[in-house]
Visitor: 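Can you keep this structure in mind? I'll have questions shortly.
Chain naming here is simple, since letters A, B, ... match the order of the sequence lines and numbering starts at 1 in each.
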2 protein chains.
Amino acid sequence: MAPRRSESLSRERIVAAAIEVLDAAGEGGLTFRVLSERLATGPGAIYWHVANKGELLGAATDAVVLAALEEEPASGSPQDRVRAVALGLFDAVDDHPWIAAQLSAGAWQAGTPRIVEAVGRQVRALGVPQRDWFVTTTVLVQYVLGAAAQNAANAQAARPGTSREEMLDAMATRWEELGPDEWSFTRTIGDQMRDHDDREQFLAGIDIALAGIAALYPPP
Amino acid sequence: MAPRRSESLSRERIVAAAIEVLDAAGEGGLTFRVLSERLATGPGAIYWHVANKGELLGAATDAVVLAALEEEPASGSPQDRVRAVALGLFDAVDDHPWIAAQLSAGAWQAGTPRIVEAVGRQVRALGVPQRDWFVTTTVLVQYVLGAAAQNAANAQAARPGTSREEMLDAMATRWEELGPDEWSFTRTIGDQMRDHDDREQFLAGIDIALAGIAALYPPP
DNA sequence: ACCTGAACACCGTTCAAGT
DNA sequence: ACCTGAACACCGTTCAAGT
């Protein structure tokens, strides 16, 4: 059922529709034909408002990231606020897995400064000396975006019909069956991989980074 | 000039040719038609050895990752060996930027266990208690892959004709011109972003993680 | 078993023509 | 200024037919 054309086309309406399509069908499912049908126009019409598919994906990612950052609470310790920003982005990637590729590839797009600002303020509050603000903040942001992206990819990787548990179990079993010498480490962590919780694992990374920052820049 | 068909087709020859095309023309440049022309066959022939484009990209990524890990030295402190593995992957991504998308998306493919093994052995040597081996190793691997991927994306983002310096300078200037209140942090790190070195920045992340591990699991 | 190459069902993007 | 929709130049993938 083609939706009736209530309002005229606009960049915002196009981006909103693109997000719906992406959430429902993934990046491969977003097509100018599908999108224009949903908007009750022709494919060419979209190009009046958006330069190309890449820009459309970028705009959709930005919208999702901005929405995620707005929920960020304005109080708590710097550590807690870093965790809050990180978890907000983690959940956003979880809800919209297609932004993962954009975040790790689209590199420092329009939405990224917001993330930098949100994280950087806590880095400053943590007592990191000014000359290391950029490095420290970037490291945190890179971890958050990179880890969230890889988590989303893992979640997507399951072939339809296979649950997360089945997939983890299969992979853990494969690891446990590796050669004893060449794989002396990997063999032993199969059951930890089977049992782990993605969110906890992600937060453990934040805690390692925060502990490292505290160790390198001890508060007075 | 179409190369003469010296040997018969094989998965290895196809993957090797794919890597050459990818290095020269990027992911968008890899086409079954281009590839088959280079191999002096028809596009259909490739499908006898490779299931589809995704599998081909995965195999190419694996080959590059395995080659990078083989250069890893077998001596040094655990910290230095973590740095060596990390830098090896960083450089591999730098030389073959197209693997970035694979590494952050292809999640735990065939090459990943090797990375886990290489990093995990050092985590073990660092004295991390066994019950935290999986989390700690995964955090390090996620940082390495995520940060390397984002660095590659940044390097690629420059439009042809723009140097890295020009791009960084333009971005730094944009940051410095942001509103004083809303962007009180981001405004101040423009010059650090202008001057930073990608490799050093990447290694700083490793050092923060190692410092965090040392703080959370103090050696006896 | 392995390769050929035409054909299929798509894509993103453009653009003359309309309003 | 904005929209239409046919057309262009591609894709990945399949498959009957060959060797």
Visitor: Can A/Arg83 and A/Asp80 be counted as an ion pair, charged N to O under 4.0 angstrom?
Guide: yes

Visitor: Specify the separation, in whole Å, of atom CD1 of A/Ile14 and atom C1' of D/dC3.
Guide: 11 Å

Visitor: Can you figure out which of C/dA1, C/dT13, D/dT13 approaches the side chain of B/Asn52 most closely?
Guide: D/dT13

Visitor: Roughly how many Å is it from CD in B/Glu27 to C1' in D/dG12, rounded to a whole number?
Guide: 13 Å

Visitor: Under the salt bridge (charged side-chain N to carboxylate O under 4.0 Å, His left out) criterion, do B/Asp94 and B/Arg199 qualify, and how do the steps go?
Guide: CA-CA 10 Å; B/Asp94 210 48; B/Arg199 252 172 104 94; over 6 Å; no

Visitor: Would you kindly give the CG-to-P distance between B/Leu35 and D/dT13, to the nearest whole Å?
Guide: 12 Å

Visitor: In whole angstroms, how far is the P atom of D/dT4 from the CZ atom of A/Phe32?
Guide: 15 Å

Visitor: Would you indicate whether A/Glu71, at its atom CD, is surrounded by more than 12 heavy atoms from other residues, nucleotides or ligands within a distance under 6.0 Å?
Guide: no

Visitor: Just verifying a value: how many Å separate A/Leu145 CG and A/Gln102 CD, rounded to the nearest 0.5 Å?
Guide: 12.0 Å

Visitor: Grab the NZ-C1' distance between A/Lys53 and C/dC10 for me, whole Å please.
Guide: 12 Å

Visitor: From CZ of B/Arg11 over to P of C/dC3, roughly how many Å is that when rounded to an integer?
Guide: 14 Å

Visitor: According to a strict under-4.0 Å criterion, is A/His49 in side-chain N/O contact with OP1 or OP2 of D/dC3?
Guide: yes

Visitor: Knowing that exactly one of B/Leu22, B/Thr61, B/Val50 qualifies, which makes a side chain to side chain contact (heavy atoms under 4.5 Å, CB included) with B/Leu56?
Guide: B/Val50

Visitor: Taking both distances under 3.5 Å as the test for a Watson-Crick or G-U pair, what stems of at least three pairs does DNA chain D have?
Guide: C:4-8 with D:12-16, C:12-16 with D:4-8

Visitor: Scan side-chain atoms only and decide if A/Ser184 and B/Arg124 contain a donor-acceptor pair under the 3.5 Å cut-off.
Guide: yes

Visitor: Mind checking whether B/Tyr47 and B/Phe32 have parallel, tilted or perpendicular rings, split at 30° and 60°?
Guide: parallel

Visitor: Can you tell me if B/Thr31 touches the phosphate of D/dC11, counting only side-chain N or O atoms and a distance under 4.0 Å to OP1 or OP2?
Guide: yes

Visitor: Produce the list of close N/O pairs, under 3.5 Å, pairing protein atoms with atoms of nucleotides 14-19 of chain D; give distances to one decimal.
Guide:
none

Visitor: Judged by modelled atom types alone, do B/Gln150 and A/Ser104 share a side-chain donor-acceptor pair under 3.5 Å?
Guide: no

Visitor: Could you tell me if the ring centre of A/Phe90 sits under 6.0 Å from that of A/Phe202?
Guide: yes

Visitor: Do any side-chain nitrogens or oxygens of B/Trp48 fall under 4.0 Å of OP1 or OP2 in C/dC2?
Guide: yes

Visitor: Among C/dT13, C/dA7, D/dC3, which is the nearest nucleotide to the side chain of B/Arg33?
Guide: C/dA7

Visitor: Would you kindly compare B/Ile46 and A/Leu30 by the position of their nearest DNA chain C nucleotide and give the one closer to the 5′ end?
Guide: B/Ile46

